[in-house]
Protein chains: 2
Amino acid sequence: MSYTIGEVAKKMNLSVHTIRYYEKEGLIPSISRTKSGLRTFEDADLEWIKLIECLKATNMPLKDIKTYIDWYIEGDSTIPKRYEMFLKRKQIVENQIKELQKTLTFINFKCNYYENAIKNGSTKMKEKLYK
Amino acid sequence: MSYTIGEVAKKMNLSVHTIRYYEKEGLIPSISRTKSGLRTFEDADLEWIKLIECLKATNMPLKDIKTYIDWYIEGDSTIPKRYEMFLKRKQIVENQIKELQKTLTFINFKCNYYENAIKNGSTKMKEKLYK
DNA sequence: GTTAAAGTTTGACTCAACTCTAGATGTTGA
DNA sequence: TCAACATCTAGAGTTGAGTCAAACTTTAAC
């Protein structure tokens, strides 16, 4: 099964521009082409795109994703590096979750204040609470 | 207690440039100045900076943070809007946490594969697993 | 066979969020 | 007092991640 760039864009919810950009930046290795030059995406290419999206979701910059992909291309000798990278990412994501949970507490706090403000009438509360 | 911009930068782990930039963009309302024009930060200003950092941590763009601050300045009539905003943020953060948890599962999966790859010797496993 | 839709490339442009520079002025400790 | 350092403004430069335009080619449907 193979797809055109437009189909992939729809499937992955990206623009065709973005997909070309990712290829140009070396984030999707070896997309094959028809004789006439059109890109043909295989499921393996979609897997790469999913990986990019996944790492991007952890706020990993594209150049670091690129580094990882270069390691992959380099072959088995980079397996330890790649493993290290995922371990580090794991740490980072765990921290991000912790941070977001702290932020959520803060936001809930604000929500409660505003709820009270609205219920009790705004002027009854100290200004600073509304910040 | 009041602080210079340099002290605030250290305290908040931001550059002085960034703090001036935030002020210029209207993210920190009414920082007072000495006669000679130097900024003097009060604890209330630090609270604003903390709020900015907090909202930024949720991937909120600065221009949306600005909108919120404008509402604050506008006064009590914007309290419902501000409340709505926090409710929306709450939703967003909850989703972000969910997404990150999915990502974490994926990363753990990768970690396991690489662990096995290293343990068993790389050539014994199918290439696709190392992606 | 024509034509509209979708594909190609190169290179310029955009946008957010800083980040730095230059040249001037202000502050502080020996 | 004066050297060293911090701060000021205005404006330019950078980075990351796209996004678009122009001019052209390929493909699919009729």
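A quick note: this is a predicted structure, and the numbers were derived from the prediction, not measured. The sequence lines fix the lettering, A, B, ..., with proteins before strands; numbering per chain opens at 1.
A straight line from NE2 of His17(B) to P of dT7(D) spans 11 Å, rounded to a whole angstrom. Across the protein-nucleic acid pair, Leu38(A) atom CG and dA6(C) atom C1' stand 9 Å apart, rounded to whole Å. If you take NZ of Lys24(A) and P of dA17(D), they are 13 Å apart, rounded to a whole angstrom. Rounded to whole Å, the distance from CD1 on Ile19(B) to C1' on dA6(D) is 13 Å. Note: OH (Tyr21(B)) to C1' (dG11(D)) measures 14 Å, nearest angstrom. Taking atom NZ of Lys35(B) as the reference point, atom P of dT25(C) lies 19 Å away to the nearest angstrom. Following rounding to the nearest Å, Leu14(B) (CG) and dC18(C) (C1') show an atom-to-atom distance of 11 Å. In this structure, Asn13(A) places its CG atom 13 Å from P of dG18(D), rounding to the nearest Å.
Listed nucleotides: dC18(C), dT8(C), dG18(D). Nearest to the side chain of Leu62(A): dG18(D). Of all nucleotides listed (dG7(C), dT7(D), dC18(C)), dC18(C) comes nearest to the side chain of Thr18(B).
Heavy atoms of other residues, nucleotides or ligands lying less than 6.0 angstrom from CG of Asn13(B) number 12 at most.
Arg39(B) has no side-chain polar atom (N or O) that falls below the 4.0 Å cut-off from OP1 or OP2 of dT7(D). A close approach under 4.0 Å does not occur between any side-chain nitrogen or oxygen of Thr34(B) and OP1 or OP2 of dG26(C). Taking only side-chain nitrogens and oxygens, Arg33(A) never comes nearer than 4.0 Å to OP1 or OP2 of dT25(D). The side chain of Ser36(B) places an N or O atom within less than 4.0 Å of a non-bridging phosphate oxygen (OP1 or OP2) of dT27(C). Phosphate contact (OP1/OP2 of dG7(C), side-chain N/O of Thr4(A), threshold under 4.0 Å): present.
Residue Lys56(A) is in sugar-phosphate contact alone, with no base atom involved, counting any heavy-atom pair closer than 4.0 Å across all strands shown. Residue Arg20(B) is in base contact, counting any heavy-atom pair closer than 4.0 Å across all strands shown.
For the pair Gly6(A) and Gly37(B), nearest-nucleotide mapping onto DNA chain C gives the more 5' position to Gly6(A).
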Self-check item: Worked check of side chain to side chain donor-acceptor pair (under 3.5 Å) between Tyr114(A) and Arg82(B)
Solution: CA-CA 8 Å; Tyr114(A) 274 107; Arg82(B) 286 185 260 157; 3.0 Å; yes
Exercise. Please step through side chain to side chain donor-acceptor pair (under 3.5 Å) for the pair Ser32(B) and Thr40(B), ending with a clear verdict.
Key: CA-CA 6 Å; Ser32(B) 56; Thr40(B) 56; 3.1 Å; yes
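A chain of hydrophobic side-chain contacts below 4.5 Å, direct or via other Ile, Leu, Val, Met, Phe, Trp or Tyr residues, connects Leu27(A) to Tyr21(A).
The aromatic ring centres of Tyr113(A) and Phe109(A) sit less than 6.0 Å apart.
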